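Quick note: numbers below take in every heavy atom, side chains included, and nothing from hydrogens, waters or symmetry partners. The structure presented is a predicted model; accordingly, all values stated were derived computationally and were not measured.
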Amino acid sequence: METITLTPQTLRFIADNRLSDPDRLRLKYAGRRLEGVDLDLAITQIECRRKARNKLPDAVACPEFIFPSVLAAEQCTSQVLAALHTELVPGCDNILDMTCGLGIDSMSMAKAGICVTACEIQTKYATAVRHNASVTGIDNLEVVNTDSIKYLSSLPSSVQFDLIFADPARRGEYNKRTFGFEQCTPDILASMQLIRQHAKALMIKASPMLDISYVLSAIPALTDIWILSMRNECKEIVTLSRFDKVKTEPAIHTINITTTGERQGVSFAAGKNSMPEILADNDPEPGMLLYEPDSSVMKIISRLSLTEKFPSLRKLDSNTNLYTSSVLLPDFPGRIFRIDDIISYNKKNTIRHKDESWNIISRNFPDPPGTIAKRLHIREGGPRFIIAATANARPRLFVSTKIQ
């Protein structure tokens, strides 16, 4: 079994140069040797820690935590999302992680008291995960350096996991990005019978690019789909299948983790036919509130009637995914703006404080933000907003202030 050793000299080099540029360090120490220092390993750790300092703060805070490659730091699950995955796991005593990678999900689940077996086909990754589990005090995580499909195939039928977790690699030939389940490695759909033999449930972390209709049709025994966003950027789709339950209509959940760590979202039955959205009878007026759904909700907006979920809302236009109301809805999954002024989009446009900078949002509008800024002779940026949108079939500019 391979091991990783960080000598005291290597640890000191990493600590002393943690703020240095990795490329400059490589040039400075090219062809040189420092006694007791593995320079290549040390500089890789410095680069990875810079890349992962926001994504993996706990790992970066541990001096002995090892990143096996820069790619591992770039592609791994964030600490926040790994914690959320652990929360979403149904009550489990033991889990198999088919695609361990850097092991952030496996370690998060193990820290929650679950016994985790993690398969990782790359030796240097498997070695790093064993090392990291040891230096972070995790003793209920077993790392198996093998292909997960071969591992499952080798198990006697009596071996059962409460759940199998899979985050299939979404890179194909020539490192081309892939999205569909059939194109990922391992192919979860092709292995479904084998997975069902050894697990009561299956959780898959998938690309945010997938169409929800495809997910619903492709994955058997689905009970839940989560669409997860961070700071209004859609990050992933997570599915849960329960093989030990009577088939029910799956539920779809959206979760957006805001900059303050709060969670916004809605849940609804995937098969339920939502009522048509109720359109606004008139243009909104200054003082009213404008609601913009977050990216997770936008992903499934065609399946969800927000005016049914929030009866005080009215949609600006049949093709404009913005809503207005005179009522403040603090639980709304998205941003809320107060309309300060409304401007028609024509040659007579005038806007107060032209010397200020403005954030410009364009929704179902003839022009993109850059064109709007040039036409209004304003700079992009700043704390206030101009929301360009079609309302009642007419283009409008809503001068707004974000309140939530």
Side-chain angles (χ1 to χ4, degrees), residues 1-8 10-11 14-15 38 41 44-45 48-49 52-53 55-69 72-73 75-152 154-156 158-167 186 195 198-205 238 240:
M1 181 184 298
E2 290 192 18
T3 59
I4 296 176
T5 302
L6 286 172
T7 64
T10 300
L11 287 170
I14 294 170
D38 185 331
L41 176 63
T44 296
Q45 299 316 299
C48 290
R49 288 168 178 275
R53 61 179 178 266
K55 186 159 65 167
L56 301 174
D58 288 356
V60 172
C62 177
E64 294 181 277
F65 191 96
I66 286 287
F67 293 87
S69 70
Q75 294 188 344
C76 69
T77 303
S78 71
Q79 179 178 315
V80 170
L81 287 178
L84 181 53
H85 296 160
T86 301
E87 287 183 35
L88 300 180
V89 165
C92 295
D93 293 323
N94 65 334
I95 286 177
L96 172 67
D97 184 350
M98 292 181 69
T99 49
C100 179
L102 185 58
I104 303 303
D105 281 304
S106 287
M107 288 189 285
S108 175
M109 293 173 187
K111 286 178 182 177
I114 302 169
C115 291
V116 180
T117 302
C119 289
E120 174 48 51
I121 196 169
Q122 294 190 58
T123 300
K124 69 176 181 177
Y125 277 60
T127 303
V129 176
R130 289 193 192 101
H131 169 88
N132 292 335
S134 175
V135 299
T136 54
I138 297 172
D139 59 8
N140 54 332
L141 170 58
E142 179 188 3
V143 182
V144 185
N145 182 197
T146 188
D147 175 85
S148 57
I149 300 301
K150 290 182 179 178
Y151 176 75
L152 276 174
S154 70
L155 296 176
S158 59
V159 175
Q160 289 284 309
F161 296 96
D162 292 329
L163 178 133
I164 288 178
F165 179 84
D167 178 10
I195 290 170
H198 292 284
K200 299 174 184 177
L202 168 68
M203 180 173 282
I204 307 172
K205 174 186 167 185
V238 175
L240 177 65

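For the pair F161 and T117, the minimum side-chain heavy-atom distance is below 4.5 Å. Between P90 and L163, some side-chain heavy-atom pair lies under the 4.5 Å cut-off. Residues T7 and D38 fail the side-chain proximity criterion, which asks for heavy atoms closer than 4.5 Å. No side-chain heavy atom of P57 sits under 4.5 Å from any side-chain heavy atom of V60. Side chains of I114 and N140 form no contact here, defined as non-hydrogen atoms less than 4.5 Å apart. Residues I149 and M98 are in side-chain contact: their nearest non-hydrogen atoms beyond the backbone lie under 4.5 Å apart. The shortest side-chain heavy-atom distance between V129 and E120 does not fall under the 4.5 Å cut-off.
With hydrogens and angles ignored, the 3.5 Å screen pairs no side-chain donor or acceptor of H85 with any backbone N or O of M109. With hydrogens and angles ignored, the 3.5 Å screen pairs no side-chain donor or acceptor of K200 with any backbone N or O of C92. Side chain of S108 to backbone of A82: a donor-acceptor contact under 3.5 angstrom is found. With hydrogens and angles ignored, the 3.5 Å screen pairs no side-chain donor or acceptor of D162 with any backbone N or O of I95. R49 contributes no side-chain N or O that, together with a main-chain N or O of F67, makes up a donor-acceptor pair within less than 3.5 Å.
No side-chain donor-acceptor contact under 3.5 Å links T99 and D167.
Atom CG of D147 and atom CD1 of I121 lie 4.5 Å apart (nearest 0.5 Å). In this structure, the separation between SG on C119 and NZ on K150 is 12.0 Å, given to the nearest 0.5 Å. The CG atom of L41 lies 6.5 Å from the OG1 atom of T10; values are rounded to the nearest 0.5 Å. Summarising the geometry, atom CG belonging to L96 is positioned 8.5 Å from atom OG belonging to S106; distances are rounded to the nearest 0.5 Å. The structure places NZ of K111 at 9.5 Å from OG1 of T86, a figure rounded to the nearest 0.5 Å. Here E142 contributes atom CD and N94 contributes atom CG; the two are 11.5 Å apart, rounded to the nearest 0.5 Å.
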Test side chain to side chain contact (heavy atoms under 4.5 Å, CB included) applied to V238 and L84, step by step | CA-CA 11 Å; V238 175; L84 181 53; over 6 Å; no
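Partner N145 forms a side chain to side chain contact (heavy atoms under 4.5 Å, CB included) with one of Q122, K124, R130 and no other, that one being R130.
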